[in-house]
4 protein chains.
Amino acid sequence: MSKKRKVAVLGATGTVGQRFIQLLDNHPWFEVTALTGSQRTIGGKFKDGCRWVIPGDMPAWAGEMIVQETSTNLDADIVFSALHSGIAKEVEPELAKAGFNVFSNASSYRMTEDVPLLIPEVNADHAHLVTHQRAVRGWDGCIVTNCNCTSTGFTVVLKPLLDAFGIKNIIMTSMQAISGAGYPGLAALDYVDNIVPLISGEEPKMNREPQKMLGKLVDNKIEHVDFNVSAHCNRVPVTDGHTVCASIQFEKSATPEEVKEVLRNYRGHDVVRNLPISPETVIEVREEADRPQPRRDRDAGDGMTTVVGRIREDEVFDIKMVIMSHNTFKGAAGGSMQNAELLVEMGLA
Amino acid sequence: MSKKRKVAVLGATGTVGQRFIQLLDNHPWFEVTALTGSQRTIGGKFKDGCRWVIPGDMPAWAGEMIVQETSTNLDADIVFSALHSGIAKEVEPELAKAGFNVFSNASSYRMTEDVPLLIPEVNADHAHLVTHQRAVRGWDGCIVTNCNCTSTGFTVVLKPLLDAFGIKNIIMTSMQAISGAGYPGLAALDYVDNIVPLISGEEPKMNREPQKMLGKLVDNKIEHVDFNVSAHCNRVPVTDGHTVCASIQFEKSATPEEVKEVLRNYRGHDVVRNLPISPETVIEVREEADRPQPRRDRDAGDGMTTVVGRIREDEVFDIKMVIMSHNTFKGAAGGSMQNAELLVEMGLA
Amino acid sequence: MSKKRKVAVLGATGTVGQRFIQLLDNHPWFEVTALTGSQRTIGGKFKDGCRWVIPGDMPAWAGEMIVQETSTNLDADIVFSALHSGIAKEVEPELAKAGFNVFSNASSYRMTEDVPLLIPEVNADHAHLVTHQRAVRGWDGCIVTNCNCTSTGFTVVLKPLLDAFGIKNIIMTSMQAISGAGYPGLAALDYVDNIVPLISGEEPKMNREPQKMLGKLVDNKIEHVDFNVSAHCNRVPVTDGHTVCASIQFEKSATPEEVKEVLRNYRGHDVVRNLPISPETVIEVREEADRPQPRRDRDAGDGMTTVVGRIREDEVFDIKMVIMSHNTFKGAAGGSMQNAELLVEMGLA
Amino acid sequence: MSKKRKVAVLGATGTVGQRFIQLLDNHPWFEVTALTGSQRTIGGKFKDGCRWVIPGDMPAWAGEMIVQETSTNLDADIVFSALHSGIAKEVEPELAKAGFNVFSNASSYRMTEDVPLLIPEVNADHAHLVTHQRAVRGWDGCIVTNCNCTSTGFTVVLKPLLDAFGIKNIIMTSMQAISGAGYPGLAALDYVDNIVPLISGEEPKMNREPQKMLGKLVDNKIEHVDFNVSAHCNRVPVTDGHTVCASIQFEKSATPEEVKEVLRNYRGHDVVRNLPISPETVIEVREEADRPQPRRDRDAGDGMTTVVGRIREDEVFDIKMVIMSHNTFKGAAGGSMQNAELLVEMGLA
């Protein structure tokens, strides 16, 4: 069965939208047939309405496309949503009802019971929830969400650890990149010779998103796993790449070497391995004492690999480590892209 | 009794040495009578041997002084040691034996049983250990140390919390300024668009220095307190000011409001309050959701106040918070200076 | 005659307004009697309406003041205007007409013929233009402006050079601090691992403001001096302090040593020297090969001294050099403050 | 004739050496047969002696190679020299004498009369000088140099402008990336919230390297072109990418549009276009008001394209503009690589 799909990018002029376009340039399965934007940009060429701020040039084909309104009139099978969560909340269900398969980067429906919150390597099987979602809601399309950019790498690492050792408690501190706040986003004056120890609304997400993603799908319901995460979220002067320092308490004892072994051997679900955007290595374990570092490691696997290092004994819990993940690839547009590829591959979209 | 003392700065050309000189400019009690430096600089004027890199100009009097060799021939009562720990290890006991009261910023003798590791507001009473030190070793002088720049602010905050609630466990992550590594110190290429999740040898200090400082002096011995600290130490692109995110498990229950109350009311030992360098406020508790921040808060109390914020419930332990302390004032030269003032005030130096 | 004056700060909640308040804390002549702000903040306490972002704490007295509307009902002799230029254009003449002496940091009236554009050390005598301004316009008050933050230090340096050697041409490049754009101002994502080679509308100011300030006041008119300035203005990841690299072609020949001599000896107008905010040294000439630098030199003279270095022969013109000036002290609020002090001292306000 | 060559990288463990290895990974013509390093690393595996600090992983084949001494015993046709200039000065002639074709990134022989200083797009014909060099010196090999990283992009842009309009004078200011100083290189404390207005020895190079490269090869001699360049060189907190602001005085008049036209149409020498590393676009002219920017434009043409913007009238000279070039690709290892490819293509190496 053909995997060719027509896709639209919603909110294409923002930074997440720009990443979607970059990832869709020469995509083997997906052809971009529509870009949508705000009132100001509708009806004009994308290149006139979009201030392209991510490194690399705007693809020429995108520049010439006419920006459309976000509506159910789009000519597309799949839509990638880079909408703000307020707008996403209204628009995404309408689109799903109208038959579009919506892959959303917005937080609006992440915790909704019948909406899969997916990281393919972690919980590809949760994708089946869309069948239930369609049945219950009478939709032809569906909504599938990806998780917060900070819980992404963190949850990828927790999956094999949970399976091997069980997890009781986690205390973690993030040092997050400024691209996570979009563009223009944060004030430059806050990020020269400074860090800001607050990311509004972020910390509670670390204590509910992993629990859903790591849960089991039983009878069309996801049973969340039961452990507590205490998060300290900070913003640091780094462009891309979120770094997390995590102390983990397991159910069973585990040595650093055992943990490294488990992480190194982790491959994720079979179906995920051959998706176009899937990286060769799901988790890269580094042995150098001072890695991972955002500037040097964020591009591992073209931004889709989670890089882990400094795996060592914890004086209070069992194990501590440093986890690095690219927040605008794996943690945003790349994650949504992989979700869409997954559902296409599974015949669900 | 007069508090006037002649003081020497050892290793005066480095960044900690420069801070000592800055703090000694117009000091009400201390007069600088000697500066020492490396072989290359000995015999020349300080201004010719020292590349002054801290903000503010080199005091004119310092520039004209002739750099001397570090030896027991110095004309001084008190010496401030900004020596590297290898050299400090050899030289400081010789100086103490020769009658100098050595206030050291080096790590060499911090954990030595009969050497006080002091933060005046926390454990001024440990200063009495020098009497025992002199007796046992047959020294006329003494060695007094200040703690690591990261354990400083952290321990200041733990003191009233320990007294009020008891402490069982702490998991903390630091985001430390690059000035902590001296000058030239760290590679610029590591600190643009990057963080480095390693500070060599730093993490174990967080699990032993606070325990000594918070301990009780009984029969000329310090009984260390018993709790565990797991530390994740990171270096971030900030010039000055160490930020710590800490999750704390208490013996007794404590609400965020109770913790704030205890911290706000903390005054430290009486004798400390009137030392020239002591700040008006020992601990400043901020209510804004995004403070403390290094660039905006490090200069509180001229770099001698510890600033705390985001005091809130912890999902795993009891309370979490953010602690900020100036690493080259309170955490280095300023700390040694306050220690020296304390011993002079107490009649011990 | 008493120099005590009641002063209001217009647009007090922005970053320039905050600097005004900081400089007015304990001012020997000026007492703050009113603060004005935007619609959102009027009627509330200043501390509730103002997000204080500059280092150092908000003075307690300011926090308790009630924010007023900007109008002619203010109880003040002098008003400092930190208004946006659009609003300043409308409001400042009304205030001047109503009898307020307006010291404006806005660009709206800088180039207006009968409005003095003042840097006291450069052209204190231009202050007399307010007498003409009042006569012609029938105002009791007046408008006095300070110049753009980048032309400030640059013009201070040009004054003695013009007097000594005459100036034909200048080609200059600025590397400007992000605080120059206010708060929130610039996007953080533009200033990590990046510079932006554009500051909208800035370059032409370098080719007209100095010419006015360096001109002669003859018969109530300022005769602009005649030389050309080509400016390249860039924004760099520095919080405070504008750096300018300038190549200068003189009328007469000049050696680097002669230029240094002239700059070192420059004292500015006599009347300026004893103003409360005037620095001891107007121009500091540094001999180190790598100075001035923004972080290390911007606080010279509490941000009111212009620091110059690398004075050397130019391969194309005559002399080249690096000029550094604090953009939010001397180049903004501090400059306005000094202008107000000057007019009070001269009996003109 | 086959273009396959065996190549060695001298000084392979430094940052320029690392870039050489990265560029040689899967090179269509060149096979790496030797890596040399300092005394400390000789005899060990490259991965044990090299602290890999550039983004991207060390190629596996390089990691397993045994580091050799820099000597005439190397098994190679071509050697890329990333040696420090002091060592390069001694070693490179010995290697050339022994038959190696040396492509050097060191400054030692750049201005030597019979040594080509090459940027292929600018002066590919100068490559013929090696025939003369071999004849005169009795060498089988040769030395070919690439220019300073700041004069690179600058000279690429000057070439078509010189041909079209003639050049009389240039005043330029550079804002250079910290990677230009290698690793560990510069002190981190100098590059947070700061710029340094000095790069030792850099400015004079801007006034002699372009003149040689833009000169004519006549009777085995390069006749330097005659114009003056005044350079202000600054170091800014950017990892990669040198930005130059240049004001240019031409012989003939030229409008901004004519200049853009000339730059856009520039293709360089025919022979250069098909070299493996040559970019599709030699000079990219951007129309946005705020480009080029280092982070967003340095990777144009995989770091081999020169990006120009803000082409506009100059108030003193004729035209001013901003030029951006990747200092460690086009300006260092990439430049040497292209030089080697050029000589192979021309049958000269």
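In what follows, chains carry the letters A, B, and so on, assigned in the order in which the sequence lines appear, proteins first and then strands, with residues in each chain numbered from 1.
In this structure, no portion of Ala177(B) lies under 4.5 Å from any heavy atom of chain A. If you measure heavy-atom distances from Met206(B) to chain A, you find no contacts under 4.5 Å at all. Asn207(B) touches chain A through its side chain: at least one heavy atom from C-beta onward sits under 4.5 Å away, while N, CA, C and O do not. Interface remark: Val316(B) contributes backbone and side-chain atoms alike to the contact with chain A (heavy atom separation under 4.5 Å). When heavy atoms are compared at a cutoff of 4.5 Å, Gln249(B) does not approach chain A at all. Interface residue Asp240(B): only backbone heavy atoms are found under 4.5 Å from chain A. Of the atoms belonging to Thr243(B), it is side-chain heavy atoms, and not backbone ones, that fall under 4.5 Å from chain A.
The structure places SG of Cys233(A) at 8.0 Å from CZ of Arg310(B), a figure rounded to the nearest 0.5 Å. Distance OH/Tyr191(A) to CZ/Arg295(B): 11.5 Å, rounded to 0.5 Å. Atom CZ of Arg312(A) sits about 7.0 Å away from atom OG of Ser230(B), to the nearest 0.5 Å.
Note on Leu198(A), Val229(A), Asp193(A), Ile170(A): by heavy-atom pairs under 4.5 Å with chain B, the leading option is Asp193(A). When each of Ile199(A), Asn169(A), Val238(A) is checked for heavy-atom pairs under 4.5 Å with chain B, Val238(A) comes out on top. Taking chain A as the reference chain and counting heavy-atom pairs below 4.5 Å, the highest number among Arg235(B), Glu313(B), Arg298(B), Met324(B) is found for Arg298(B). When Arg291(B), Lys168(B), Glu203(B) are compared by the number of non-hydrogen pairs under 4.5 Å with chain A, Glu203(B) comes out ahead. Between chain A and the residues Ser200(B), Gly241(B), Ser247(B), the largest count of heavy-atom pairs under 4.5 Å involves Ser247(B). Between chain A and the residues Val192(B), Thr173(B), Val322(B), the largest count of heavy-atom pairs under 4.5 Å involves Thr173(B).
Within a 6.0 Å sphere centred on NE2 of His84(B), other residues, nucleotides and ligands contribute 12 heavy atoms or fewer. Other residues, nucleotides and ligands contribute over 12 non-hydrogen atoms within 6.0 Å of the CD atom of Glu288(B). In Asp163(A), the CG atom is crowded: over 12 heavy atoms of neighbouring residues, nucleotides or ligands sit closer than 6.0 Å.
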Could you go through Asn228(A) and Glu315(B), starting from their C-alpha distance and side-chain angles, then the distance that decides it, and tell me whether this counts as side chain to side chain donor-acceptor pair (under 3.5 Å)?
CA-CA 6 Å; Asn228(A) 278 320; Glu315(B) 291 83 350; over 6 Å; no
Could you please spell out the steps behind the side chain to side chain contact (heavy atoms under 4.5 Å, CB included) verdict for Val244(A) and His232(B)?
CA-CA 10 Å; Val244(A) 167; His232(B) 302 253; over 6 Å; no
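Using a cutoff of 4.0 Å between basic side-chain nitrogens and carboxylate oxygens, Asp190(B) and Arg296(A) are scored as salt-bridged.
With a 4.5 Å cut-off on side-chain heavy atoms, Gln293(B) and Ile195(A) do not count as touching.
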